[in-house]
Amino acid sequence: MWLAAAAPSLARRLLFLGPPPPPLLLLLLSRSSRRRRRLHSLGLAAMPEKRPFERLPADVCPINYSLCLKPDLLDFTFEGKLEASAQVRQATNQIVMNCADIDIITASYVPEGDEVPRPGIEPRLLSVKARSPNHWTARESPTDCVFRCFDNRKQFSDNFEIHATGFNYQNEDEKVTLSFPSTLQPGTGTLKIDFVGELNDKMKGFYRSKYTTPSGEVRYAAVTQFEATDARRAFPCWDEPAIKATFDISLVVPKDRVALSNMNVIDRKPYPDDENVVEVKFARTPVMSTYLVAFVVGEYDFVETRSKDGVCVRVYTPVGKAEQGKFALEVAAKTLPFYKDYFNVPYPLPKIDLIAIADFAAGAMENWGLVTYRETALLIDPKNSCSSSRQWVALVVGHELAHQWFGNLVTMEWWTHLWLNEGFASWIEYLCVDHCFPEYDIWTQFVSADYTRAQELDALDNSHPIEVSVGHPSEVDEIFDAISYSKGASVIRMLHDYIGDKDFKKGMNMYLTKFQQKNAATEDLWESLENASGKPIAAVMNTWTKQMGFPLIYVEAEQIEDDRLLRLSQRKFCASGPYVGEDCPQWMVPITISTSEDSSHAKMKILMDKPEMNVVLKDVRPDQWVKLNLGTVGFYRTQYSSAMLESLLPGIRDLSLPPVDRLGLQNDLFSLARAGIISTVEVLKVMEAFVNEPNYTVWSDLSCNLGILSTLLSHTDFYEEIQEFVKDVFSPIGERLGWDPKPGEGHLDALLRGLVLGKLGKAGHKATLEEARRRFKDHVEGKQILSADLRSPVYLTVLKHGDGTTLDIMLKLHKQADMQEEKNRIERVLGATLSPELIQKVLTFALSEEVRPQDTVSVIGGVAGGSKHGRKAAWKFIKDNWEELYNRYQGGFLISRLIKLSVEGFAVDKMAGEVKAFFESHPAPSAERTIQQCCENILLNAAWLKRDAESIHQYLLQRKASPPTA
């Protein structure tokens with residue numbers, strides 16, 4: 001699954017400058033201890049105890065599900081019939097399954113062969129409540145409920161049909177126990193269940209998705225989202241990833257609707273009871289997990305092609321928008337053969353469908369053979385889509401199709417190993433896009449988008465290991481986060497570099513071949529890669545997946561004749577300052593070392609498997625710099641001695657350091673300042689050295705860090721001074737780029753122009769503001785339509801410095817937009833408005849029918865990130881509307897994202913207590929860890945502000961008095 005794109009990361013990373021003198025070190029340690037005491041005093045240092053949970057018993061398991069569903073797109077209900085071929089492994093008189101928001105009407109078991117039990121019992125309902133005609137519910141209260149029945153013997157044909165005598169719903173655990181009057185003997189049989197359910201509006205399970213037809217009529221599609229534990233909302237099942245089976249799916253649907261499922265259609269025939277309805281049958285699936293089952297009923301157009309391996313590829317779009325599916329079709333058709341060749345394992349299904357869903361919580365979902373996407377993650381309008389949207393679509397398609405092998409063909413044994421699915425797919429999506437679009441320079445972007453994002457989160461005391469024990473279903477959604485995805489991808493990238501591509505591919509083939517159509521754990525992957533490479537993979541990687549955090553590598557150098565001696569040591573990095581614990585975790589760290597003689601290749605590679613070690617680099621002149629972590633591949637921070645750092649800094653200005661290393665150096669310095677290890681003023685001085693920087697991703701990371709600092713300083717009375725600094729840093733590159741593309745420019749130039757103009761416009765750069773207003777006016781009047789790449793920066797600029805009329809025009813553009821990408825583009829910048837009255841108008845708009853449910857989060861988050869007043873207003877809005885918001889997003893990752901975007905920018909100690917107190921009285925179980933992390937970040941922001949605000953202010957005033965020369 002691909003999580004929807006969040007706002008730019010709100011925090012960043014970490015690296016030392018040199019060993020501080022003992023008094024300063026003691027001060028830092030003291031500060032770090034005080035911060036941790038503050039966390040403990042607020043109760044933020046430990047997660048709440050986990051709820052007790054047991055996995056399903058293993059006495060009965062499915063072999064095949066024969067499932068027929070009939071959705072009602074007007075009443076938003078569905079009827080279902082399940083005949084599951086099952087294996088009774090040991091004698092039992094009950095079957096325990098997963099079931100949530102499903103009402104079972106009847107259930108029975110028919111044994112096969114000679115396993116004839118005593119005569120069964122036919123149920124008679126003692127107490128039920130009618131919801132509507134033909135719709136019965138067994139649950140009369142939120143607590144557990146049991147059907148009770150009378151004895152009544154009955155026999156059918158050659159086999160006995162044993163009718164369940166009770167359905168015991170354990171609603172908190174999302175289970176149902178079917179009780180039988182006689183013992184089910186070991187052997188095979190058929191479990192028959194008739195049931196009904198609701199097409200809910202929660203974007204999980206079997207749910208309804210609202211769309212508008214080309215004629216303007218509002219209609220609904222019936223769609224699915226089952227990962228992690230929501231197949232149980234569509235049909236009673238053994239809803240655990242290790243309990244695999246085959247599926248024969250049939251859908252009874254209106255004849256004018258498209259019906260899709262994981263496999264190809266094998267029969268479509270009129271339904272006996274209604275001439276307007278047809279029954280669509282799909283081919284049997286391979287053995288697969290329940291969370292990968294999918295079905296869609298709605299109105300769609302499609303474009304199709306065949307991959308060079310003969311697989312039928314289709315992209316389904318809203319009616320009338322087939323043209324917008326062509327880019328994703330092209331990417332998918334290239335991607336399938338790429339993965340087939342990389343894994344040396346063919347794609348096992350005859351077709352792959354990619355479909356755009358209007359209401360969709362995640363970015364996309366890898367259902368085997370039927371991948372579902374948000375419209376913005378799949379559809380590209382050749383004239384109206386921006387460059388970043390094309391890149392995002394390419395990455396998301398690459399991610400989901402990788403899952404067809406890694407996750408679908410071979411599946412994690414339990415959610416503890418979720419990172420195996422998501423971390424691997426989040427890494428290889430970049431490998432795939434680099435293959436399809438080398439001009440994207442996508443691996444440099446990986447460092448800013450994933451690597452640094454993961455380190456930001458993993459430096460917190462409230463982080464978690466990559467492998468986290470998962471029990472109760474409420475815990476699963478919480479680990480769909482930057483640790484499972486971005487840290488997982490980062491350590492896979494480090495592992496790939498350590499092993500080498502040849503042995504890595506060999507190991508992957510061994511793993512997929514051995515475990516295809518089965519389940520596997522992390523250790524199984526390590527074993528395959530170890531066998532392929534001969535390296536101690538398990539020993540190395542266990543230090544990265546089984547403990548949280550990452551190391552800070554301290555390095556100092558000494559010239560000895562013609563050689564350079566490096567002294568290395570490692571210690572855990574913490575966002576609150578130097579690690580103060582007694583038993584410091586240790587990692588086995590693959591380290592690369594480069595020099596200015598050849599900045600693009602490693603002079604030495606080592607595995608640091610101890611707390612300290614010395615390394616001698618032969619033939620390194622005194623005037624040459626030495627750098628660790630070539631390409632910013634190793635998942636660690638580097639602390640250089642003062643002399644080593646001084647020798648590296650000129651490489652930023654003269655560009656002799658490669659772009660990804662310039663990015664890493666700046667990013668590390670910024671994170672050290674956040675942790676209180678160096679002064680923020682020192683980082684601001686380094687940022688000024690980027691005056692000649694040409695690389696988009698380096699600027700993107702620099703922009704993000706300056707945005708974090710701006711948010712922090714919005715709590716002071718010298719916010720305008722930091723905006724002057726931003727204008728000084730970005731003006732030169734803005735003047736070089738201009739507003740209009742030049743001949744020979746490409747993808748990255750378009751991204752850079754949008755980034756720089758947006759940064760200058762938001763900061764109030766006079767020339768940029770005037771030009772943005774002029775172009776916006778022409779755009780609105782239809783004189784000169786803005787290019788897609790310029791719309792976000794122009795919209796942001798005019799809103800930030802506009803009035804109520806500007807906001808009204810923007811809301812009108814939103815209403816008129818036919819493309820969801822344009823609607824989202826507008827929604828994300830609405831929060832830039834500064835007037836308290838207009839901020840309230842934007843927040844009210846966020847919950848209106850004009851905004852799709854999944855996009856409300858980005859509107860509110862945009863308000864919180866737009867200004868100090870916006871942050872306070874957004875938090876109050878969330879508290880005032882909590883019941884509605886929680887009802888909409890509970891049990892999913894969107895509730896965590898909403899909380900994170902809305903409160904993490906605060907920088908006052910008491911706000912951490914206020915946030916904690918609110919969620920103690922308004923529990924959000926799936927967001928517990930996120931709440932802990934947000935409160936920790938608020939305290940860290942407050943400490944940073946107290947520590948550095950005055951020195952930053954003085955530095956900015958000095959710059960103003962005597963501006964630096966270029």
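For the numbers below, each heavy atom of this structure counts, side chains included, while hydrogens, waters and symmetry mates do not. Residue numbers start at 1 and run along the sequence shown.
- Side chain of Trp415 to main chain of Thr229: no donor-acceptor pair is present (N/O by atom type, distance under 3.5 Å, no hydrogens or angles).
- Sorted pairs that involve residues 62-72 and meet salt bridge (charged side-chain N to carboxylate O under 4.0 Å, His left out), not counting sequence neighbours, are lacking altogether.
- In this structure Lys175 satisfies the side chain to side chain donor-acceptor pair (under 3.5 Å) test with no other residue, sequence neighbours excluded.
- Arg208 is linked by a side chain to side chain donor-acceptor pair (under 3.5 Å) to nothing, counting only residues two or more places apart in sequence or in another chain.
- Residue pairs satisfying the side chain to side chain donor-acceptor pair (under 3.5 Å) criterion with at least one member in residues 263-279, sequence neighbours excluded, are absent.
- The side chain to side chain donor-acceptor pair (under 3.5 Å) contacts involving residues 280-300 comprise Tyr211-Glu299, Arg219-Glu299, Asp239-Thr290, Asp248-Arg284, Tyr291-Asn421, where partners must be two or more places apart or lie in separate chains.
- A salt bridge links Arg55 and Glu413; the closest N-O separation between the charged side-chain nitrogens and carboxylate oxygens is under 4.0 Å.
- The side chain to side chain donor-acceptor pair (under 3.5 Å) check on Tyr889 picks up nothing, with sequence neighbours excluded.
- Of all non-hydrogen atoms in Pro71 and Val297, the two that sit nearest each other are CG-CG2, 4.2 Å.
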Under the ring pair (Phe, Tyr, Trp, His ring centres under 6.0 Å) rule, what do Phe406 and Phe424 come out as? Steps first, then yes or no, please. CA-CA 8 Å; Phe406 208 92; Phe424 184 85; 3.9 Å; yes
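- For the salt bridge (Lys or Arg N to Asp or Glu O under 4.0 Å) test, no residue two or more places apart in sequence or in another chain qualifies with Glu227.
- Classification of Arg89 and Asp59 as a salt-bridged pair fails, no side-chain N sitting under 4.0 Å from a carboxylate O.
- Phe206 is linked by a ring-ring contact (aromatic ring centres under 6.0 Å, His included) to Phe78, Phe295, counting only residues two or more places apart in sequence or in another chain.
- With sequence neighbours left out, the side chain to side chain donor-acceptor pair (under 3.5 Å) criterion links Glu884 to no other residue.
- Qualifying salt bridge (Lys or Arg N to Asp or Glu O under 4.0 Å) partners for Lys546, counting only residues two or more places apart in sequence or in other chains: Glu467, Glu523.
- Thr165 places a side-chain N or O within donor-acceptor distance of the main-chain N or O of Ser179, the cut-off being under 3.5 Å.
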N/O donor-acceptor pairs under 3.5 Å from side chains in residues 343-358, not counting sequence neighbours:
unit_1, atom_1, unit_2, atom_2, d
Tyr347, OH, Lys351, O, 2.8
Lys351, NZ, Ser261, O, 2.7
Lys351, NZ, Asn262, O, 3.3
Lys351, NZ, Asp353, OD2, 2.7
Lys351, NZ, Gly369, O, 3.0

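- A heavy-atom distance below 4.5 Å is found between the side chains of Ile162 and Ser182.
- A side-chain N or O of Thr372 and one of Asn367 form a donor-acceptor pair less than 3.5 Å apart.
- Distance alone, capped at 3.5 Å, is enough to place a donor-acceptor pair between the Thr513 side chain and the Asn509 backbone.
- Residues satisfying the ring-ring contact (aromatic ring centres under 6.0 Å, His included) test with Trp526, not counting sequence neighbours, are Trp419.
- Of the charged side-chain nitrogens involved, at least one lies within less than 4.0 Å of a carboxylate oxygen, so that Arg233 and Glu174 count as a salt-bridged pair.
- Relative to the six-membered ring of Phe360, Arg374 misses at least one condition, a distance below 6.0 Å or an angle of at most 45° to the axis.
- With hydrogens and angles disregarded, a donor-acceptor distance shorter than 3.5 Å links the side chain of Arg306 to the backbone of Gly310.
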